[in-house]
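Structure first, then comments.
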Number of protein chains: 2
Amino acid sequence: MTDTIKIGLLGAGTVGSGVIKVLRENAAAIKARVGTELVIAKVLVRDAKKTRPELTGLAVVEDVEEILQDPSISVVVEVMGGTTPSKDYMLRAMEAGKSVVTANKDVVAEYGQEMFAMAEKHRVAFLFEASVGGGIPIIAPLKRSLTANRLTEVMGIVNGTTNYMLTRMAEAKVGYEQALQEAQAKGYAEADPTADVAGMDAARKAAILASLAFNTRISLRDVYVEGITRITADDISYASDLGYAVKLLAVGQDISGKGVSVRVHPVFLPQNHPLAAVNGVYNAIFLKGNAIGEAMFYGPGAGSLPTASAVVADIIEAARAKIGGSLEGLGCTCYAAKPLCPIAEIESCYYVRLWVDDEPGVLGNIATAFGNAQVSLKSVIQTKPSVEGRTEIVAITHLVEHRKLNEALASLRELKVVDDIRNVIRVEKDRG
Amino acid sequence: MTDTIKIGLLGAGTVGSGVIKVLRENAAAIKARVGTELVIAKVLVRDAKKTRPELTGLAVVEDVEEILQDPSISVVVEVMGGTTPSKDYMLRAMEAGKSVVTANKDVVAEYGQEMFAMAEKHRVAFLFEASVGGGIPIIAPLKRSLTANRLTEVMGIVNGTTNYMLTRMAEAKVGYEQALQEAQAKGYAEADPTADVAGMDAARKAAILASLAFNTRISLRDVYVEGITRITADDISYASDLGYAVKLLAVGQDISGKGVSVRVHPVFLPQNHPLAAVNGVYNAIFLKGNAIGEAMFYGPGAGSLPTASAVVADIIEAARAKIGGSLEGLGCTCYAAKPLCPIAEIESCYYVRLWVDDEPGVLGNIATAFGNAQVSLKSVIQTKPSVEGRTEIVAITHLVEHRKLNEALASLRELKVVDDIRNVIRVEKDRG
C-alpha cells in the first residue's frame, strides 16, 4: 500500500485554487475513500514571491523542472490553460512516468491523439473530466457506465456564457447586447466574448464528447460551427410563441450509412425536451444509446469548486490506478476511424425568418417558393403588423438536407417580394 | 491478456433477456472497448425444456451448481430478483471467487453489509448499478466521479410507477384511481401496486443511495416512508396553482450536528427545480456536494434494455478488474458509522389542507392556531366555494420541525371549526 500520492500542480488560478481547497477541505474523506493520502507536493506559479493565502503551507516553484524531474511526484495536474506551454509540460510529465490530469479542452480537442499516444507509451493515465461540462461527470460515465451501448447521439449545453445570455433573453426579454453586458457584469463572459458567442469553446467540447461517444477521433477542425451572434429578441420571442426554447448545442451524431457529424449551432428545442429546462450558467449533456435509450447529465458548467470536483475525481482515478497497478478503463477509446458526414447532407427542420413586401398573397408566394425548391413546410405564420409596406414571415420546415435548404434560400433571395432572410435556425423535432 | 471472460447468468426474465440482447448486439464494440470477449457461458432457468428465441445458442441449465461450480465462469450476473434464493446464490458465487453483478435492490438494501464482507473476503467485485435508477449511471459516479465531494443531500425520483401516476394526475387532471388504472394498463404498475404506491420500492433505493452518498450503512429499516396513496386531484391542483409539482422523492440528508436522515415521501417541488421537469416513467437523481454544488442524473428508471445497459456496464467493470488484477474503486464505501437523525427533528416547510366550518374569521382562526403552536406560516388561502357551510383552507408553513408540526396539527384537530385535516405534504423551499 502506497502511503501518499504526491501531486505536482501546474497553475494556481481559479481552477488551481479550487483544487487546493477541495483537496484540503475533504482530505480526511478522500483518504478514507482512496486508502491513501493525496498531497500537493509542489505548485508551479509565475511569481513565487507573490504571497496568496490559498498557497499557505505549500511549496511554490517557478521552474517546471522542479516538478517534472521530481521522482516522488506521480501525478501532474495541469490547470494553466492554453496550449503553450501546457501541452509540452504534460507530454514531458508523461515521458517521466507521471499520470496527467488536465482541465484543458484546447489541448484535448486539438492534440488528443498525441497525448493519448504518449500516455500509452509510458503506461500512465491521461485524464480530462473537467475539460467538458465543468463539474458534471460525463467523461468517466462515457468511458465506463455507458460502454454497453452503441451511442447514436450526444447533445450538450456546454457553454455557460451563451446559455446564460439565451436564458436572460428568454426570461427577461432583453436583447442580445444587453444579455452580453449582463453576462460580462456577472463575470460569466470575458471582455472579448468571441470564443464563447461564436461557438468555438463549445466546438472544442463537442469534439471531445463526440470522440468519446463514437470511439473515433474528432478534432476541432472537424466541427461545423455557428454561434449565437445572429440571435435576436425576435427569434427568442417567435420560439417561445411556437413552444420552443433556443439553446446553443454541441451536437454529435453517428448516422448509419452516412458517418459522424459534429457541430455547434443554435437550436429551437421543444419545451418538453430535458435540455430545454437547463437555464443560466448550468450545463447538461443528453445522450441516446441503443440500450439505455435516453440519459442526461446536468450540473454546473464552470466555476472554481465545481471544476475542481472533476479535477480531483481524476486525481483519485490516477491514484487508484497507481495503487492497483492497472490502467483498465482509463485508456484511449478512439479505436474506430469513422468517416465524417459533410454538413450539406445533414437533415434538420428549420426556422426561417423573412422580411418581405406585405402584398396580398405574399404568404402563399413564400410557401410556394419553398415547395418549388422541394422543401416542405410544417407551418408559415405572419403575426406581426406591417411596417411601411413590409412584414415578417416565419416558416418552419419539415426535415430537409442542409444542401437543399440552402438551395431553397438561394431561390427565395431571387424573389422580388423577399427583402431579407433575417435568420435561419435549426429546429429539433417534437418528442412523441 | 485474458481471451474471454465467461459469464453465468442467473435468470432470463425481462432484465436477463435484455442482458443477452445487449451483449449480443454490441459484442464487437464491447470487445473493442474492453480488449476481451464477454461470453455468456450458462443461463440458469426454471425450465430448460421451454424454448425461447432469445436463448438460442446459449447453454441453459436448471441447476445453479452448474454455474457456481464451473471454474471457467468468473462473473455471475443475478437478475432473478427477490431475496431467496438470490442472496445465497450470490454469496456462494463470491465464495467460489467469482465477481457478482446484480440488479437486486432488495438484497443490496437489506443485506448490503453481508454481501460486501463476502466480496472483500474473497477479493471479488460486488456491483449493483442497476439496483437504483434503472439505466441511469448513478452508483459508479457516486463511487468515482463525486469522490472529491462531501455530499450533503441526495434527492431522487426513483420509482417510475408513481412518477407516471403523478404526471398523469398533473397533466391530464385525472384522479388517483384512474392514474393507477392507466399505469396498470400500460404495464407500469403491478396488479398489486402496493410496493410502488406505498413507497417501499423507493425506500430500498433511498437506502442504497444514502449509503453511497454519505459513506455510512443505511438499511431499509432506517428509512422513514410515506407513499402517494393519500394524494388526490385536489392536492395536485393546489400544487399547480401555487407553482409546484408533486413528486414522490427518495431523500437523504447528512445534516451537520444531527446525523443522517433517509426518507421517502411526496414533496411539493418548485417548478424551477430540475427534478420538477422529470415526468412519466423517467427517473432522476439530484445531488448537492461541497465542491460540485448541484448535479443531476436523468434517464429511464426501468425497462429491459435500459436496466441491461447498467448490468452490462457492471459486467465490463468486473471484467476490467479481472484483466487488470485490481479492485480499486469498486469496494464498499461505507467506512463511516454516522448517527441517524430521527424524523421528529427534520425541518421542512409543509402544505396543510384543512376542511373547516365556513364561518366569518375562520381563516384568521386557523392562522392564529398555527401561530399559537409556534408554527409560522408563509400563506393561508381559501380559494374554493363553500359547500354546505364548510370550506377548504390550505396553509403553507415556513420551516418547522416534524415534531412541532405534529403538535400544531394535534391542536388544530382540537378546534371546533376544524372538521378534517385532509392532507399534509412537505414543501421544498424555493430556489433563489
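Every chain is numbered from 1 and lettered A, B, ... according to where its sequence line falls, protein lines coming before strand lines.
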Would you find more than 12 non-hydrogen atoms of other residues, nucleotides or ligands less than 6.0 Å from B:Arg123 atom CZ?
no
Taking atom types as modelled, find out whether A:Asn26 and A:Lys31 have a side-chain donor-acceptor pair closer than 3.5 angstrom.
no
Go through the steps to decide whether B:Asn215 and B:Cys334 satisfy the test side chain to side chain contact (heavy atoms under 4.5 Å, CB included), and finish with yes or no.
CA-CA 4 Å; B:Asn215 305 106; B:Cys334 294; 5.7 Å; no
Whether over 12 other heavy atoms sit under 6.0 Å from A:Gln113 CD
no
Scan side-chain atoms only and decide if B:Thr4 and B:Glu37 contain a donor-acceptor pair under the 3.5 Å cut-off.
no
Under a 4.0 Å N-O cut-off, is there an ion pair linking B:Glu317 with B:Arg144?
yes
Okay, A:Pro300 and chain B: the region with an atom under 4.5 Å from a heavy atom over there is both
Side chain, backbone, both or neither: which part of A:Lys21 has a non-hydrogen atom closer than 4.5 Å to chain B?
neither
Among residues 147-156 of chain B, those lying within the under-4.5 Å heavy-atom range of chain A are B:Thr147, B:Ala148, B:Asn149, B:Arg150
Option that, when pairs with chain A are counted at under 4.5 Å, heavy atom only, ranks first among B:Ala313, B:Ala291, B:Gly299, B:Gly135:
B:Ala291
Residue selection (most heavy-atom pairs with chain A, distance under 4.5 Å) from B:Ala284, B:Gly329, B:Gly293:
B:Gly329
Can you confirm if the aromatic rings of B:His273 and B:Phe286 lie within a centre distance of less than 6.0 Å?
yes
Per the side chain to side chain contact (heavy atoms under 4.5 Å, CB included) rule, which among A:Val22, A:Ile30, A:Ile7 passes with A:Ile315?
A:Ile7
For B:Glu294 and A:Tyr282, which I'm curious about, is there any donor-acceptor pair between the side chains at under 3.5 Å?
yes
Under a 4.5 Å cutoff for heavy-atom pairs, which residue among A:Ala277, A:Ala308, A:Ala140, A:Ala32 has the most contacts with chain B?
A:Ala32
Counting heavy-atom pairs under 4.5 Å with chain B, which one of A:Gly134, A:Ser309, A:Ser304 comes out on top?
A:Ser309
Out of B:Asn290, B:Val311, B:Asn279, which one racks up the most heavy-atom pairs below 4.5 Å with chain A?
B:Asn290
Portion of A:Phe297 that has a non-hydrogen atom of chain B nearer than 4.5 angstrom:
both
dist B:Phe128:CZ -> B:Ile208:CD1 (nearest 0.5 Å) comes out at 6.5 Å
